[in-house]
Amino acid sequence: MRIHELAKKLGIDSKELIEKLKGLNFPVKNHMSSVDAETAEVIKHEVEELKKKEVEENVIEVDFPITVKDLAVKLNMKPSFVLGDLIREGKFFTINKNLDEKTARGIAYKYKVNLKKKLTKEEEVLRHQPGDLKGRPPIVTFMGHIDHGKTSLLDYIRKSKIADKEMGGITQHIGAYQVGKDKGSITFLDTPGHETFTAMRARGANATDIVILVVAADEGSKPQTVEAIDHAKAAGVPIIVAINKIDKPNANPDMVKQQLSKDGLVSEDWGGKTPCLGVSAKTGQGVVELLDLILLQAEMMELRADYGRPAQAVVVEARLSKGRGPQVSVLVKEGKLETSNWCVCGLYWGRIKAMHDDRGNLVRQALPSYPVEILGLNGVAFPGENLFVVPDEKSAREIVKRRQEEEEKKKVSPSAHLKLEDLYKKIKEGDLKQLKIILKADVGGTLEAVGDALGKISTQEVGLVLTHKGVGAVNHSDVLLAEVSDAIVVGFKVSIDPQARVLAKQKGIEVRVYQIVYELIDDVKAALEGLLAPEVKRTFLGRAKIKTVFKLSKMGIIAGCVVEKGKISRGISCRALRENKVVFEGKIQSLKRFKDDAREVLEGFECGISIGYEGIKEGDVIEVFSEEIITRRLK
């Protein structure tokens with residue numbers, strides 16, 4: 001093969017190829033020099049690698065999406081050249097139309113340019129190479145049914161009187177507390193329930209490392225216990241069960257373990273994987289063992305944090321004080337948070353004026369997993385918002401301004417979550433492999449019956465997962481869980497709480513309520529059928545053999561062909577074969593008889609065909625076919 005032929009295959013100029021070969025120490029004199037097939041393959045590989053390296057090094061930062069005109073300016077090319085490249089790919093754009101990232105990158109690659117998305121100010125601030133990684137204390141959340149002793153247990157651990165400060169002994173706000181032990185420190189989150197835990201996750205805050213599920217030994221598993229389990233599982237957080245109130249005469253730990261095993265939490269002493277421990281918040285029995293178990297679990301998890309980077313934290317509580325302004329309790333996740341740091345949190349910013357620890361003492365810095373209350377933000381952030389340190393006031397203002405603009409856009413068009421009608425599109429894009437459902441029913445018997453019926457229509461190919469099921473109206477908690485797990489909420493003979501209805505509309509969560517069980521089953525079955533990849537039936541229509549290949553300035557590569565069988569039609573699906581192997585699939589972009597456009601060319605006639613593939617060669621075969629999409633059904 002001669003050098004000029006090889007250059008044509010590689011899509012570069014002969015002179016450019018000769019220069020590259022000299023740099024790679026290949027002895028060539030001119031474009032008429034010949035190389036054998038094996039050497040040609042080696043050259044092809046080396047030149048492609050060299051081209052990739054050149055592209056990687058030639059980086060240009062742009063904002064996506066980008067218009068054809070702006071891309072041409074960045075590439076230092078005429079817009080007509082870019083439009084021509086797009087037309088050859090079968091894409092028709094105007095000069096001011098936006099190109100998506102994938103298309104723009106593909107065009108730029110042809111001109112040896114590596115397009116990279118321009119970082120926002122926020123991304124620049126958050127970009128950091130991992131460095132000073134060290135161990136950190138675990139962050140533990142207490143969850144469980146109301147009045148099962150979550151706060152009283154934490155009260156004993158801290159040896160303080162938190163529960164006495166709460167109205168009626170029920171937790172009214174979120175608290176974060178750190179307890180130091182000989183074997184290490186533990187940070188505890190005491191929450192008013194699983195809703196706050198899930199709300200924090202909904203805002204992208206993975207604040208908890210371990211969940212302690214508190215269950216009263218005399219009452220056993222309750223509806224909120226089951227909800228807490230489902231929320232913890234959705235978060236993918238390890239669960240340790242603390243069976244509280246074992247000092248009571250009617251305590252029955254085995255009954256609790258039996259109930260929990262039905263919810264998928266089988267105790268270790270029953271052959272399962274869930275640590276279960278009897279404790280008493282009143283006498284302190286089992287508390288030391290519980291702390292040791294937490295530290296052991298944390299050691300197995302190998303929790304690490306970067307102490308050297310600009311600090312990042314997560315909000316666990318926020319309120320407005322008349323005398324002190326916005327007060328925000330945070331847990332430090334990375335770095336060292338210090339007084340005088342400029343920071344951004346949600347839609348607010350400010351400079352940290354003071355920090356207090358969980359006992360009210362002033363501190364100057366806070367390390368990872370350390371809870372502190374800070375003063376200095378210009379507004380009250382939401383629990384779950386991420387706080388991070390920025391270099392200066394200008395950066396803080398710029399980031400918050402951009403966030404506020406994005407928030408205004410969201411108000412105009414709220415983000416939509418999963419819909420039953422969109423399942424096929426999701427699975428086709430590879431974003432979804434299973435349908436997650438939160439099921440609510442009027443009574444327990446009906447709940448089990450509907451749950452069993454739904455389980456029977458799940459298959460190995462498409463899965464249905466009941467993320468949570470419960471008795472009663474669709475509530476605020478159900479919608480929150482649906483948001484973080486990207487599930488749909490299905491109710492049978494139940495109502496929707498007004499608060500849940502408003503939240504579902506705001507978040508774009510689909511909630512469907514049925515009165516007839518067959519309608520519910522049919523709708524879910526239809527949704528699962530949407531997850532099945534459809535069958536594509538192809539019908540052969542014609543075949544043409546390429547006799548010659550030539551290039552036109554306006555049309556690109558044209559294949560001169562003879563129709564050997566059937567007929568060739570414009571705009572129909574096709575594939576190019578080389579030695580019976582498919583090298584390209586696309587559509588017939590243009591079809592000509594001599595100089596005239598043709599709709600179809602019959603068997604035995606010659607024609608010119610363009611399929612938008614520059615690698616086409618003499619001797620290749622073009623086959624055309626029709627496609628029929630056949631929807632599959634569940635049996």
Check [X] against [Y] and note the closest heavy-atom contact, atom names and distance.
X	Y	value
Met355	Ala366	CE-N, 4.0 Å
Thr467	Ser485	CG2-OG, 4.0 Å
Gly556	Arg88	CA-CD, 4.0 Å

Using 4.0 Å as the upper bound for N to carboxylate O, is an ion pair formed by [Y] and [X]?
X	Y	answer
Glu405	Arg403	no
Lys117	Asp63	no
Asp306	Arg309	no
Arg105	Glu101	yes
Lys91	Glu89	yes
Glu393	Arg397	yes
Arg304	Glu334	no

Flag for Gln178-Ser185: side-chain donor and acceptor within less than 3.5 Å: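 Side-chain D/A pair, Ser185 to Gln178: absent.
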
Side-chain H-bond candidate by donor/acceptor type, His231 with Ser477, under 3.5 Å: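 Note: His231 and Ser477 side chains meet the donor-acceptor criterion.
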
Backbone N/O of [Y] and side chain of [X]: donor-acceptor pair under 3.5 Å:
X	Y	answer
Asp478	Asn475	yes
Thr187	Ile139	no
Asp497	Ala500	no
Lys440	Ala473	yes
Tyr111	Asn76	no
Arg351	Ser340	yes

Can you tell me how far apart [atom1] ([X]) and [atom2] ([Y]) are? Round to the nearest 0.5 Å.
X	Y	atom1	atom2	result
Arg512	Glu519	CZ	CD	11.0 Å
Asp392	Glu398	CG	CD	9.5 Å
Ser321	Leu375	OG	CG	8.0 Å
Thr103	Phe64	OG1	CZ	10.0 Å
Ile107	Met77	CD1	CE	10.0 Å
Ile60	Asn114	CD1	CG	9.0 Å

Option from Asp358, Val372, Val316 for which side-chain contact (heavy atoms from CB on, under 4.5 Å) with Ser329 holds: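 Exactly one option meets the side-chain contact (heavy atoms from CB on, under 4.5 Å) with Ser329, and it is Val316.
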
Ile374: which of Thr339, Leu337, Asn341 passes side-chain contact (heavy atoms from CB on, under 4.5 Å):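 Exactly one option meets the side-chain contact (heavy atoms from CB on, under 4.5 Å) with Ile374, and it is Leu337.
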
Glu302, CD atom: more than 12 neighbouring heavy atoms under 6.0 Å: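 Check fails, neighbour count at 12 or below.
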
Enclosure of Lys233 NZ (heavy-atom neighbours >12, cutoff 6.0 Å):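 Enclosed.
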
Parallel, tilted or perpendicular: ring planes of Phe142 versus Phe188, cut at 30 and 60 degrees: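 It falls in the tilted class, 30° to 60°.
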
